[in-house]
Amino acid sequence: MAPVLRFAPSPTGLIHIGNARTALLNALVARREGGIFVLRFDDTDAERSRTEYAEQTEADLAWLGIRPNLVVRQSERMELYAEASERLKAAGRLYSCYETAEELDRRRRIQLARGQPPIYDRAALSLTDEDRRALEEQGRRPHWRFRLEPRVAGWEDRVRGPSHVDCASLSDPVLVREDGTYLYTLPSVVDDIALGITDVVRGEDHVTNTGVQIQLFEALGARPPAFGHHNLLTTMSGEGLSKRSGALSLRQLAEDGYEPLAVAALAVLVGSSEAVRPVADLDELASLVDLAHISRGPAKFDESELDALNARFVHAMPYETARPRLEDLHIGGGEEFWNAVRANLSRFGDALRWWGIVEGPVSPQIEDPALIAAALRLLPPEPWDATTWKSWTDAVRAETGLKGRALFLPLRLALTGLDHGPELAALLPLIGPERAKARLAGEVA
Ligand code: GLU
């Protein structure tokens with residue numbers, strides 16, 4: 001059976017590289033196994049959900065190269081959740097409760113003071129119909145809790161191996177709020193059933209939810225899917241990433257000029273037994289995904305690792321791939337320019353800076369006027385090609401007796417205004433005789 005996987009963000013902020021890890025693990029398993037990848041927006045919280053975040057999430061996934069086979073929005077599927085909650089009520093698994101937040105808080109504090117676990121005491125289960133009527137007459141509205149069976153929910157986690165949650169140690173979770181809106185748990189299970197999800201791969205912050213959800217699948221008459229809970233990405237100092245802070249959002253990484261495949265490779269390979277390395281495409285990345293080889297500890301996101309990986313992608317980029325992007329940036333110089341500069345780029349966009357050095361204007365730095373005067377005189381006749389630099393510097397060396405750094409650095413400073421950069425043998429023909437002459441004469445050109 002072809003697997004069906006999903007990524008289920010709530011559209012309450014910009015998705016970050018940690019969310020991309022979840023999205024990619026699901027999308028790549030589906031891709032590799034000929035399955036279906038569903039993007040499900042968990043947008044039942046109308047206050048915090050925003051259409052623009054959902055749109056941006058789709059755009060961010062597209063930037064990574066991921067196009068879901070199906071996109072669904074929970075806000076458009078409310079009847080399914082209503083129907084499921086009616087079934088659970090009829091089966092006695094969903095029961096109404098009237099405690100206020102303050103009452104619950106007070107009870108929790110008493111339990112803690114007595115050294116008891118702060119679990120909901122199920123007081124509402126002993127309310128009579130009359131009690132409920134009286135409470136409703138006072139204007140109280142119920143919220144609804146799922147009655148957990150006091151047993152262990154176990155599963156074979158695709159990342160963590162044999163796993164279990166002892167549901168006897170949990171409070172019965174609230175599934176429906178006082179205002180009739182749903183918390184995440186019920187709609188998620190209802191959709192996982194309705195969409196035929198076979199594998200739920202998500203962050204390990206959901207492990208406890210899985211215990212509850214397994215009971216919910218069963219209470220709704222469905223077989224639970226397979227589960228895998230991957231480690232979470234943290235910052236180097238160990239803090240979790242948050243959608244709200246916008247830190248390391250995919251949009252920011254795109255704006256900062258990172259290659260989408262570098263971001264994808266890092267998001268997937270960091271914190272696994274595979275080395276973080278460049279890949280040719282998403283198919284190759286998919287072939288490296290092994291849920292069982294994801295580490296147990298948190299995966300630390302190191303921006304310098306992304307910088308280094310990004311540079312490796314750019315250095316290896318063939319001209320055919322670079323060409324349309326160079327054209328978009330109005331960078332000329334063709335393949336010669338690309339081959340001259342690519343090893344000097346950390347991000348693709350840095351090519352603009354080197355094109356600026358070719359085209360000018362450049363403020364030359366004249367450090368050794370006698371050398372530069374000789375060099376100007378000895379400039380070879382046209383046409384210039386990749387051999388021009390060597391024949392020119394040979395001639396300058398023969399006349400001045402200078403060699404090595406003493407010869408090359410003043411020439412670089414005069415021609416580019418900089419003390420570092422791509423091979424001058426490749427840059428010189430691109431700079432061309434006119435600009436080279438002017439710069440050697442100390443003019444801004
Ligand atoms: N909306 C949930 C989240 O973003 C989905 C969790 C799940 O994959 O079930 O955490």
Side-chain angles (χ1 to χ4, degrees), residues 1-9 15-39 60-69 156-161 197-204 206 225-234 236 241 248 250 253-254 258-318 321 346-348:
M1 189 177 66
V4 185
L5 295 98
R6 89 295 196 276
F7 170 52
I15 59 167
H16 52 63
I17 184 152
N19 304 127
R21 180 174 180 77
T22 312
L24 283 158
L25 287 172
N26 282 287
L28 294 180
V29 168
R31 183 184 185 105
R32 185 181 64 202
E33 294 173 13
I36 301 278
F37 173 62
V38 180
L39 172 60
D60 289 341
L61 293 181
W63 179 72
L64 287 173
I66 298 213
R67 278 171 195 77
N69 302 95
E156 184 63 34
D157 196 285
R158 293 186 62 192
V159 178
R160 298 155 64 95
I197 301 297
T198 57
D199 300 81
V200 170
V201 178
R202 58 187 173 190
E204 62 191 7
H206 285 289
F227 290 96
H229 296 86
H230 63 76
N231 53 6
L232 298 178
L233 272 191
T234 68
M236 284 308 277
L241 308 180
L248 298 175
L250 288 193
L253 294 170
Y258 287 105
E259 299 299 306
L261 201 50
V263 172
L266 187 72
V268 167
L269 300 177
V270 71
S272 81
S273 60
E274 289 292 339
V276 171
R277 58 178 184 271
V279 288
D281 51 29
L282 287 180
D283 286 328
E284 185 184 344
L285 188 56
S287 75
L288 299 177
V289 172
D290 184 344
L291 296 177
H293 287 166
I294 293 178
S295 325
R296 290 298 292 266
K300 296 210 164 174
F301 173 77
D302 180 353
E303 201 144 358
S304 63
E305 198 173 6
L306 178 59
D307 283 330
L309 183 64
N310 195 78
R312 288 173 70 187
F313 269 95
V314 177
H315 298 173
M317 191 182 292
T321 311
S346 316
R347 317 239 173 118
F348 189 90

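Everything numeric in this text was worked out from a predicted model, so none of it was measured. Along the sequence shown, the residues carry numbers beginning at 1.
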Rounded to the nearest 0.5 Å, how far apart are [atom1] of [X] and [atom2] of [Y]?
{"X": "Leu64", "Y": "Leu282", "atom1": "CG", "atom2": "CG", "value": "8.0 Å"}
{"X": "Arg31", "Y": "Leu24", "atom1": "CZ", "atom2": "CG", "value": "10.0 Å"}
{"X": "Leu266", "Y": "Leu285", "atom1": "CG", "atom2": "CG", "value": "10.5 Å"}
{"X": "Phe37", "Y": "Ile66", "atom1": "CZ", "atom2": "CD1", "value": "5.5 Å"}
{"X": "Leu241", "Y": "Leu232", "atom1": "CG", "atom2": "CG", "value": "8.5 Å"}
{"X": "Asn69", "Y": "Leu39", "atom1": "CG", "atom2": "CG", "value": "11.0 Å"}

Would the distance check show the side chain of [X] and the main-chain N or O of [Y] forming a donor-acceptor pair, the cut-off being under 3.5 Å?
{"X": "Asn310", "Y": "Glu259", "answer": "yes"}
{"X": "Asn19", "Y": "Pro9", "answer": "no"}
{"X": "Arg158", "Y": "Leu291", "answer": "no"}
{"X": "Lys300", "Y": "Met236", "answer": "yes"}
{"X": "Arg202", "Y": "Arg6", "answer": "no"}
{"X": "Ser295", "Y": "Gly297", "answer": "no"}
{"X": "Asn26", "Y": "Val201", "answer": "yes"}
{"X": "Thr198", "Y": "Val4", "answer": "yes"}
{"X": "Arg32", "Y": "Ala286", "answer": "yes"}

Return the minimal non-hydrogen interatomic distance between [X] and [Y], and the atom names on each side.
{"X": "His230", "Y": "Ile294", "answer": "CB-CD1, 4.0 Å"}
{"X": "Ala262", "Y": "Leu309", "answer": "O-CD2, 3.4 Å"}
{"X": "Trp63", "Y": "Pro260", "answer": "O-CB, 3.1 Å"}
{"X": "Ala299", "Y": "Arg21", "answer": "CB-NH2, 4.3 Å"}
{"X": "Arg296", "Y": "Arg160", "answer": "NH1-O, 3.5 Å"}
{"X": "Gly271", "Y": "Asn231", "answer": "O-ND2, 3.2 Å"}

Phe301 and Leu248: CA distance, side-chain angles, deciding distance, side chain to side chain contact (heavy atoms under 4.5 Å, CB included) verdict: CA-CA 9 Å; Phe301 173 77; Leu248 298 175; 3.2 Å; yes

In the structure I gave you, are the side-chain heavy atoms of [X] and [Y] within less than 4.5 Å of one another anywhere?
{"X": "Val314", "Y": "Arg347", "value": "no"}
{"X": "Phe313", "Y": "Leu261", "value": "yes"}
{"X": "Leu288", "Y": "Leu28", "value": "no"}
{"X": "Asp199", "Y": "Val29", "value": "no"}
{"X": "Phe227", "Y": "Val159", "value": "no"}

Side chain to side chain contact (heavy atoms under 4.5 Å, CB included) assessment of Val263 paired with Ile17: CA-CA 8 Å; Val263 172; Ile17 184 152; 3.9 Å; yes

From CA spacing to verdict: side chain to side chain contact (heavy atoms under 4.5 Å, CB included), Val38, Leu5: CA-CA 6 Å; Val38 180; Leu5 295 98; over 6 Å; no

Chi angles and distances behind the side chain to side chain contact (heavy atoms under 4.5 Å, CB included) call for Phe7, Leu25: CA-CA 9 Å; Phe7 170 52; Leu25 287 172; over 6 Å; no

